[in-house]
*Asks:* 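Can you keep this structure in mind? I'll have questions shortly.
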Amino acid sequence: MAIGVGAVVPAPAAAAGRPAGKQGATVKADRTSPTGYTVTFVYRNPHATQVRLAGDLTLLDVGTGTTRYQPEAWQPGRYHAGGTEFLRDMTRDSKGNWSVSVPLHAGGLSYWYRVWDPTQGWENKRIWDPASTNPRPPGESSFRVRNNDVLDAVYVPYAKKQDDPVLKARAAYELPVASRSKRGTVQYLPYTTILGDSGHHLGVYLPAGYNPRRAEPYKVAYLAHGIFGDETDFMIPANVPNILDNMTARGEIEPTVVVTMGNHFTGTSLGFASYNQTNAANNLVQTILPLIEGRFNVSTERAGRAYAGFSYGGMTGGVVMKTYPTTFAFYGHFSGNPSLTPQDYDAIANAVGADDLFVFLGNGVFEGNLNAQNAIADNFRARGYAAATTQVPGAHDGMTAGQLFTIFARDHLWSGPTTRR
């Protein structure tokens with residue numbers, strides 16, 4: 001079942017005659033599935049001439065880290081991972097419903113559709129699932145939409161036959177919390193960037209029971225995406241709202257507000273140049289913080305603020321730290337390290353002084369070792385600040401970012417490990 005890069009696997013022939021089920025992703029327990037669950041994806045489009053299920057759904061084995069496997073070849077030690085796009089032809093029924101079924105392991109897993117529809121001028125158009133309930137910014141202005149690079153998520157429970165504590169934990173945090181009353185809300189606010197550009201949005205997660213008049217302001221985490229991402233990344237493929245809902249319900253973290261931003265606001269380019277780290281850092285501190293602090297009941301103190309980023313967003317955290325060293329007390333660098341010189345470490349320490357500072361760094365096991373992260377952590381420890389590093393089973397994708405955020409939030413945010421030694 002090892003399939004090469006870019007290979008398209010046809011839908012099983014037997015599926016052609018079956019009537020399609022409910023639109024969207026339907027997860028069902030299945031004793032014949034290697035994971036104990038099978039997910040059926042149904043997309044309705046009578047005008048389409050071809051549709052493929054796509055996603056970060058091929059598998060990597062922790063034993064090798066290189067060979068890609070199809071979902072049907074799941075076994076313990078293999079994890080869905082990005083880096084190679086999974087492609088599977090979907091089958092059309094007489095009513096224009098396209099469907100395919102695949103076994104998937106536990107967690108919040110990234111997927112999308114690729115659609116050929118001549119009535120809309122679509123040729124290999126990448127779309128999110130129109131049956132999805134995940135909130136998104138309105139219109140077509142978000143970076144992932146403009147870049148034909150959208151992501152959705154399907155939530156698969158854990159089955160005992162998976163026999164993997166990592167997947168059991170992922171299901172416990174990444175699936176929607178059972179009680180709707182314990183679910184927070186996600187909204188997208190329009191705003192104008194530091195460069196005067198309008199038409200951009202901030203993602204805002206408010207915890208269940210958010211009280212705008214609560215005496216103690218809510219602590220707040222500001223999260224930045226990687227290159228080619230946008231303000232939806234931490235909300236959907238990284239599953240942060242579900243993660244915090246579950247943590248809060250179990251009393252593992254105090255109710256926390258999250259703000260996500262799109263950092264591709266420099267002009268209209270879709271390339272690296274549109275994500276300028278200096279502009280992003282200045283926009284965060286000079287524009288976003290005052291806006292959020294004026295509209296929501298969130299902390300204005302550094303001890304109540306965290307910054308975290310994935311990939312390029314993690315690297316941008318180094319610019320934030322160097323430029324605004326007293327603004328945030330907690331930093332998370334997920335698969336993207338800050339670039340700091342010995343002089344930078346000293347300058348940060350001189351600015352922070354005896355106050356608390358905590359730095360977390362991590363990546364996925366399929367991204368390489370932690371040597372660079374450990375060296376950075378040691379530099380902070382040498383100056384008397386707490387730091388931690390870790391790895392999770394994953395590649396360079398939002399699912400890895402979600403696992404790292406889980407550890408960062410559960411084990412470190414707003415808690416004792418920040419105490420200055």
*Asks:* Quick one: do V145 and V150 satisfy side-chain contact (heavy atoms from CB on, under 4.5 Å)? Show the steps, please.
*Replies:* CA-CA 6 Å; V145 172; V150 298; 3.8 Å; yes

*Asks:* Got a second to check how far L413's CG is from T256's OG1, nearest 0.5 Å?
*Replies:*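 Reported value, rounded in 0.5 Å steps: 6.5 Å.
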
*Asks:* Atom OG1 in T390, atom CG in L370: separation rounded to 0.5 Å?
*Replies:*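 Here the interatomic distance stands at 7.0 Å.
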
*Asks:* Looking only at the side chains, is there a donor atom on one of Y79 and Q403 sitting less than 3.5 Å from an acceptor on the other?
*Replies:*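 Absent: no donor and acceptor within the cut-off.
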
*Asks:* Would you say E123 and D117 make side-chain contact, with heavy atoms under 4.5 Å?
*Replies:*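 Counting from C-beta outward, E123 and D117 never come under 4.5 Å.
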
*Asks:* Test your reading of the model: is there a side-chain donor-acceptor pair from D245 to the backbone of G184, 3.5 Å cut-off?
*Replies:*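 Indeed, once roles are kept as given, a pair shorter than 3.5 Å links the two residues.
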
*Asks:* Under 3.5 Å, is there a donor-acceptor pair between the N283 and Y191 side chains?
*Replies:*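 Result is yes, a qualifying pair exists.
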
*Asks:* Test the R88-F86 pair against the cation-pi criterion, namely NZ or CZ under 6.0 angstrom from the six-membered ring centroid and within 45° of the ring axis.
*Replies:*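 Pair R88/F86 does not count as cation-pi.
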
*Asks:* If I take atom CD1 from residue I348 and atom CD from residue Q343, how far apart are they, to the nearest 0.5 angstrom?
*Replies:*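 These two atoms lie 11.5 Å from each other.
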
*Asks:* Testing the basics here: between A372 and N337, what is the closest heavy-atom pair and its distance to 0.1 Å?
*Replies:*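 Shortest heavy-atom contact: CB-ND2, 3.7 Å.
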
*Asks:* Tell me whether R136 forms a cation-pi arrangement with W128, defined as NZ or CZ under 6.0 Å from the six-membered ring centre and within 45 degrees of its axis.
*Replies:*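 Ring-cation test returns yes.
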
*Asks:* Would you confirm whether the ring centroid of H412 sits within less than 6.0 angstrom of the ring centroid of F358?
*Replies:*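 For F358 and H412, the ring centres are under 6.0 Å apart.
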
*Asks:* Quick one: does any side-chain atom of T400 pair with a main-chain N or O of A395 as donor and acceptor, under 3.5 Å?
*Replies:*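 Looks like yes, one N/O pair under 3.5 Å.
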
*Asks:* Check D346, N350, D378 against R383 for a side-chain hydrogen bond (donor to acceptor under 3.5 Å, both in side chains) and give me the one that passes.
*Replies:*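 Looking at D346, N350, D378, the match for R383 under the side-chain hydrogen bond (donor to acceptor under 3.5 Å, both in side chains) is D346.
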
*Asks:* Kindly indicate whether the side chain of Y312, heavy atoms from C-beta on, has any atom under 4.5 Å from the side chain of Y275.
*Replies:*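 Of all side-chain heavy-atom pairs linking Y275 with Y312, at least one is under 4.5 Å.
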
*Asks:* Under 3.5 Å, side chain of N148 to main-chain N/O of R126, donor-acceptor pair present?
*Replies:*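 It does hold such a pair.
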
*Asks:* Other residues, nucleotides and ligands only: do more than 12 of their heavy atoms fall within 6.0 Å of NZ on K168?
*Replies:*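 It does not: K168 NZ has 12 such atoms or fewer within range.
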
*Asks:* Hey, are the side chains of H201 and E231 touching, using non-hydrogen atoms and a 4.5 Å cut-off?
*Replies:*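 Counting from C-beta outward, H201 and E231 do come under 4.5 Å.
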
*Asks:* For the residue pair F360 and I407, establish whether any side-chain heavy-atom pair is separated by less than 4.5 Å.
*Replies:*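 They are in contact (side-chain heavy atoms under 4.5 Å apart), so the answer is yes.
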
*Asks:* T193 side chain to L195 main-chain N or O, any donor-acceptor pair under 3.5 Å?
*Replies:*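 Such a contact is found between T193 side chain and L195 backbone.
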
*Asks:* Would you say the ring centers of H264 and H225 fall short of 6.0 Å from each other?
*Replies:*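 Between H264 and H225, the centre distance is under 6.0 Å.
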
*Asks:* Indicate whether the side chain of T58 and that of R68 have a donor and an acceptor atom separated by less than 3.5 Å.
*Replies:*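 T58 vs R68: donor-acceptor pair found between side chains.
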
*Asks:* Can you see whether Y210 engages N297 through a side-chain donor-acceptor pair at a distance of less than 3.5 angstrom?
*Replies:*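 Absent: no donor and acceptor within the cut-off.
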
*Asks:* Quick check against the 3.5 Å criterion: does R52 have a side-chain atom that pairs as donor or acceptor with the backbone of D89?
*Replies:*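 Absent.
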
*Asks:* For residues S33 and W74, is any side-chain donor paired with an opposing acceptor at under 3.5 Å?
*Replies:*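 No pair is found: no donor N or O on one side chain lies under 3.5 Å from an acceptor on the other.
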
*Asks:* Judged by atom type as modelled, is there a donor-acceptor pair below 3.5 Å linking the side chain of N363 to the main-chain atoms of S335?
*Replies:*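 No, N363 side chain to S335 backbone: no donor-acceptor pair under 3.5 Å.
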
*Asks:* Where the side chain of Y385 meets the backbone of A349, is there a donor-acceptor pair that is under 3.5 Å apart?
*Replies:*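 Indeed, once roles are kept as given, a pair shorter than 3.5 Å links the two residues.
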
*Asks:* Can you name the one residue among L175, L109, V392 that meets side chain to side chain contact (heavy atoms under 4.5 Å, CB included) with R170?
*Replies:*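 Looking at L175, L109, V392, the match for R170 under the side chain to side chain contact (heavy atoms under 4.5 Å, CB included) is L109.
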
*Asks:* Could you tell me whether a side-chain N or O of N239 sits under 3.5 Å from a main-chain N or O of P237, the two making a donor and an acceptor?
*Replies:*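 A pair under 3.5 Å: yes.
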
*Asks:* Using a 6.0 Å distance limit plus a 45 degree cone around the ring axis, check whether R78 lies over the aromatic ring of Y69.
*Replies:*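 Judged by the rule (NZ or CZ under 6.0 Å from the ring centre, within 45° of its axis), R78 counts as positioned above Y69.
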
*Asks:* Hey, can you tell me if H333 and Y331 have their rings parallel, tilted or perpendicular (30° and 60° cut-offs)?
*Replies:*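 It falls in the parallel class, under 30°.
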
*Asks:* With no hydrogens and no angle check, is any side-chain donor or acceptor of W98 less than 3.5 Å from a backbone partner on Q50?
*Replies:*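 The answer is no, because no donor-acceptor pair under 3.5 Å joins these two groups.
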
*Asks:* What class does the angle between the rings of F143 and F228 fall in, given that below 30° is parallel, 30 to 60° is tilted and above 60° is perpendicular?
*Replies:*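 Correct class here is parallel.
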
*Asks:* Please determine whether salt bridge (Lys or Arg N to Asp or Glu O under 4.0 Å) holds for the pair D149 and R144, giving the CA-CA distance in whole Å, both sets of side-chain angles, and the decisive distance to 0.1 Å.
*Replies:* CA-CA 5 Å; D149 196 28; R144 283 199 174 274; 2.7 Å; yes

*Asks:* Are F310 and F334 close enough that their ring centers fall under 6.0 Å?
*Replies:*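 Ring centroids of F310 and F334 are no less than 6.0 Å from each other.
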
*Asks:* If we count only N and O atoms by modelled type, under 3.5 Å, do the side chains of D61 and T64 hold a donor and an acceptor together?
*Replies:*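 Result is no, nothing qualifies.
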
*Asks:* Are any non-hydrogen side-chain atoms of P217 and F296 less than 4.5 angstrom apart?
*Replies:*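 Side chain of P217 against side chain of F296, heavy atoms only: no contact under 4.5 Å found.
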
*Asks:* Quick one: do H80 and H105 satisfy side-chain contact (heavy atoms from CB on, under 4.5 Å)? Show the steps, please.
*Replies:* CA-CA 8 Å; H80 295 301; H105 71 47; 3.3 Å; yes

*Asks:* L244 versus Y205: any side-chain heavy-atom pair under 4.5 Å?
*Replies:*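 Answer yes - side chains close enough.
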
*Asks:* With a 6.0 Å cut-off (strictly less than), is the heavy-atom count around CD of Q286, excluding the residue itself, greater than 12?
*Replies:*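 Count over threshold, so yes.
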
*Asks:* Does this structure show an ion pair linking K219 with E254, if we count only N-O contacts that are shorter than 4.0 Å?
*Replies:*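 Answer for the salt bridge query: yes.
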
*Asks:* I want to check something: taking the side chain as every heavy atom from C-beta on, are N45 and Q120 in contact at a cut-off of under 4.5 Å?
*Replies:*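 Contact flag for N45/Q120 side chains = yes.
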
*Asks:* Take a 6.0 Å sphere around NZ of K161 and say whether it holds more than 12 heavy atoms from other residues, nucleotides or ligands.
*Replies:*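 Result for NZ/K161: enclosed.
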
*Asks:* For Y37 and A159, which heavy atoms make the closest approach, and how far apart are they?
*Replies:*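 That would be CE1-CB, 3.8 Å.
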
*Asks:* Would a distance-only check, ignoring hydrogens and angles, find a side-chain to backbone donor-acceptor pair under 3.5 Å from D152 to Y111?
*Replies:*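 Judged by distance alone, no pair lies under 3.5 Å.
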
*Asks:* Looking at side-chain heavy atoms only, is the closest gap between V102 and E72 below 4.5 Å?
*Replies:*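 Yes; the side chains approach each other to less than 4.5 Å.
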
*Asks:* Checking I376 against N379 for the side-chain contact (heavy atoms from CB on, under 4.5 Å) test, could you report, in this order, the C-alpha distance in whole Å, the side-chain angles of both residues, the deciding distance, and whether it holds?
*Replies:* CA-CA 5 Å; I376 294 167; N379 271 292; 5.6 Å; no

